[in-house]
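First listed ligand is number 1; within each ligand, the first listed atom is number 1. Source: prediction; values computed, not measured.
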Amino acid sequence: MIQKCRECGKEYDVDEIIYNCECGGLLEIKYDLGKIKSEVSKEKLRERRSGVWRYLEYLPVKDTNKIVSLWEGGTPLYKCDNLAKKLGLKELYVKNEGANPTGSFKDRGMTVGVTRANELGAPVVGCASTGNTSASLAAYSARSGKKCIVLLPGGKVALGKLAQAMFYGAKVVQINGNFDQALVMIKNLALENKLYLLNSVNPFRLEGQKTIGFEICDQLDFEAPSAVILPVGNAGNISAIWKGFKEFKETELIDSLPMMIGIQAEGAQPIVKAYKAQKDNITPEESPETIATAIRIGNPVNAVKALEAINQSNGLAEFVTDEEITAAQKLLAQTEGIFVEPASASSIAGLIKLLDMGAVDKDGKIVCITTGNGLKDPDAAIKASILPSEIECDMEVLRKVIEE
Ligand SMILES: Cc1ncc(COP(=O)(O)O)c(C=O)c1O
Ligand SMILES: N[C@@H](CCOP(=O)(O)O)C(=O)O
């Protein structure tokens, strides 16, 4: 197991704390997949409890006694027949990552990332965040007795996420700036050795997130879906999940790969623009804006990897409007009983848009990933709801109201 630069191929020992190669390229964890193939089998994996650590052989951990876990992963893959019928689809699934311990997919990354911090003996961890990364890191650092510092874009973090980061005991600092600026600042602190950085520039964290791909295949009886649709912000998740699918295929646990479809919000779509212009890197957006605050990101650090995942998989990238996001959020809640935060609903909004454009095969096996729980952002949900009627304690009035 080594850290390897995706750009120049330079290799680094796994114990070296480094976030970018000296050439500036992003790092990836590489394994001896031949060895893993000889060690794992579908049956062996199935004997273990579901969750991130079911896939231990594929994870960069040396000392299992150092694992920091809140039982993350093992999230439901709902077959959504009501929604499928409405949209004219044969087979639609929602992989609901909102069911993780802190309510988002970030927990999969943090169990591995904070375990790495534990192995390295790092006493302080930190991140910049639009909300979920901070909520998750705060929880895992509490569990492992580490100090946690989070940098947030002031006034742009959903209430539930802010409450989580504060309540788990992190030192929360809000900047008068956006997420992209916060990430530059916290990375500077990491380079000054003030903390161990656990944003998605950290390749160990992303290894945990690739288990979403493993788990989808596992839940589909070791078959890959035809398409996976997910929201894209800093773009670590789509890259990680694609890596997961490829590793499962290389170790012969699946025999095909899905199209990776990334969805961004209209006001924060650097990857969509680059994809449509057939470029392999983005032009950063200076003032990203969307109701889906989790993906309000203009300069995604993993953009190159995400574009590669999309292109390698014959996938695509599309944007959706805030109105389409809110409509999809409601539709999913009211047809399937699944309450997700706005960013997550962009996967459903994207699916609807792509179906209208004829860009998705209606007969395929489609998986939409919903990345965060609806309770994270109560303001957005309440704004989009019909408010309760208020009445006196009078049965006559009540009867009238319920008939309206
Ligand atoms: C709920 C939610 N969905 C999607 C994303 C986007 O994930 P990524 O940054 O890995 O692209 C994030 C965070 O970025 C998020 O918090
Ligand atoms: N949506 C993210 C943004 C940060 O992304 P990361 O994957 O680099 O941590 C968040 O929840 O903060």
Side-chain angles (χ1 to χ4, degrees), residues 19 26 95-98 100 102-110 113 125-138 140 150-153 156-158 160-162 164-165 170 172 178-184 186-187 190 197-206 208-210 212 229-243 260 262-265 268-272 282 288 290-303 305-307 309-310 317 325 329 340-348 350 368-377 380:
Y19 304 105
L26 293 162
K95 178 68 172 160
N96 191 24
E97 288 296 296
N100 272 298
T102 77
S104 85
F105 68 95
K106 304 285 180 173
D107 296 343
R108 293 181 186 265
M110 291 308 173
V125 292
C127 68
S129 183
T130 56
N132 282 324
T133 295
S134 62
S136 183
L137 182 58
Y140 283 81
V150 309
L151 218 51
L152 307 178
K156 293 290 182 182
V157 172
K161 304 174 189 181
L162 184 60
Q164 285 179 294
V172 179
N178 63 28
F179 166 79
D180 303 299
Q181 293 166 306
L183 185 53
V184 171
I186 200 88
K187 199 171 167 199
L197 185 61
L198 275 159
N199 278 103
S200 56
V201 283
N202 183 318
F204 291 90
R205 200 198 94 186
L206 288 181
Q209 289 172 218
K210 77 183 177 187
I212 298 177
I229 309 180
L230 73 160
V232 173
N234 219 13
N237 212 26
I238 190 168
S239 323
I241 295 170
W242 177 238
K243 185 173 189 276
M260 299 299 293
I263 308 295
Q264 295 197 295
Q269 47 157 327
I271 290 176
V272 175
I282 56 150
T290 167
I291 185 183
T293 51
I295 52 172
R296 186 177 169 272
I297 295 174
N299 190 11
V301 291
N302 296 290
K305 283 202 277 179
L307 284 161
I310 290 165
I325 289 174
Q329 187 189 14
V340 302
E341 67 166 284
S344 304
S346 65
S347 60
I348 306 293
C368 286
I369 303 178
T370 55
T371 42
N373 196 297
L375 291 170
K376 295 266 190 180
D377 193 347

Write out the residue and atom name of the closest protein heavy atom to [atom], then the distance separating them to 0.1 Å.
{"atom": "atom 6 (C) of ligand 1", "result": "Gly233 N, 3.4 Å"}
{"atom": "atom 7 (O) of ligand 1", "result": "Phe105 CZ, 3.5 Å"}
{"atom": "atom 15 (C) of ligand 1", "result": "Ala294 CB, 3.5 Å"}
{"atom": "atom 10 (O) of ligand 1", "result": "Asn237 N, 2.8 Å"}
{"atom": "atom 8 (P) of ligand 1", "result": "Ala235 N, 3.4 Å"}
{"atom": "atom 7 (O) of ligand 2", "result": "Arg205 NH2, 2.7 Å"}
{"atom": "atom 4 (C) of ligand 1", "result": "Thr371 OG1, 3.5 Å"}

Stepwise side-chain hydrogen bond (donor to acceptor under 3.5 Å, both in side chains) check, Lys156 with Thr293: CA-CA 6 Å; Lys156 293 290 182 182; Thr293 51; over 6 Å; no
Kindly give the heavy-atom pair with the smallest separation between [X] and [Y], and that separation in Å.
{"X": "Pro300", "Y": "Gly233", "value": "CB-O, 3.1 Å"}
{"X": "Gly236", "Y": "Gln209", "value": "C-NE2, 4.3 Å"}
{"X": "Met260", "Y": "Leu230", "value": "CE-CD2, 4.2 Å"}
{"X": "Asn234", "Y": "Ser200", "value": "ND2-OG, 3.6 Å"}

Positive for side-chain contact (heavy atoms from CB on, under 4.5 Å) with Cys127, one of Asn199, Asn202, Leu151: Asn199
contact_flag Gly131 ligand 2 heavy-atom lt 4.0 Å: yes
Test item, Gly233 contacting ligand 2 (heavy atom, 4.0 angstrom): no
Kindly indicate whether the side chain of [X], heavy atoms from C-beta on, has any atom under 4.5 Å from the side chain of [Y].
{"X": "Ile295", "Y": "Thr130", "value": "no"}
{"X": "Asp180", "Y": "Pro288", "value": "yes"}
{"X": "Val150", "Y": "Ser129", "value": "no"}
{"X": "Phe179", "Y": "Arg296", "value": "no"}
{"X": "Ile282", "Y": "Asn299", "value": "yes"}
{"X": "Gln329", "Y": "Asp377", "value": "no"}

Ligand 2-proximal atoms of [X], by part, heavy-atom distance under 4.0 Å:
{"X": "Met110", "value": "neither"}
{"X": "Ile297", "value": "side chain"}
{"X": "Lys161", "value": "neither"}
{"X": "Thr130", "value": "both"}

Atoms in ligand 1 with a heavy atom of [X] nearer than 4.0 Å:
{"X": "Val232", "answer": "11 (O)"}
{"X": "Gly236", "answer": "8 (P), 10 (O), 11 (O)"}
{"X": "Asn132", "answer": "1 (C), 2 (C), 15 (C), 16 (O)"}
{"X": "Asn234", "answer": "8 (P), 9 (O), 11 (O)"}

If the cut-off is 4.0 Å to any non-hydrogen atom of [X], which atoms of ligand 2 fall inside it?
{"X": "Thr133", "answer": "2 (C), 4 (C), 5 (O), 6 (P), 9 (O), 10 (C), 11 (O), 12 (O)"}
{"X": "Asn234", "answer": "5 (O), 6 (P), 8 (O)"}
{"X": "Ser129", "answer": "10 (C), 11 (O), 12 (O)"}
{"X": "Asn132", "answer": "10 (C), 11 (O)"}

Is it true that [X] lies under 4.0 Å from ligand 1, counting heavy atoms only?
{"X": "Ser200", "answer": "no"}
{"X": "Lys106", "answer": "yes"}
{"X": "Ser104", "answer": "no"}

Under-4.0 Å heavy-atom contact with ligand 1, by part of Ile295 that carries it: side chain
Region of Glu341 engaging ligand 1 - heavy atom pairs below 4.0 Å: side chain
Point-to-point distance, once rounded to the nearest 0.5 Å, from NZ of Lys376 to OG of Ser344: 9.5 Å
Spatial distance of atom CG (Leu375) from atom CD (Glu341) [nearest 0.5 Å]: 10.5 Å
Ser134, any N or O under 3.5 Å of ligand 2 N or O: no
side-chain contact (heavy atoms from CB on, under 4.5 Å) between Ile369 and Ser347, worked out: CA-CA 7 Å; Ile369 303 178; Ser347 60; 5.7 Å; no
Exam field: side chain Ser134 to backbone Gly131, donor-acceptor pair closer than 3.5 Å: yes
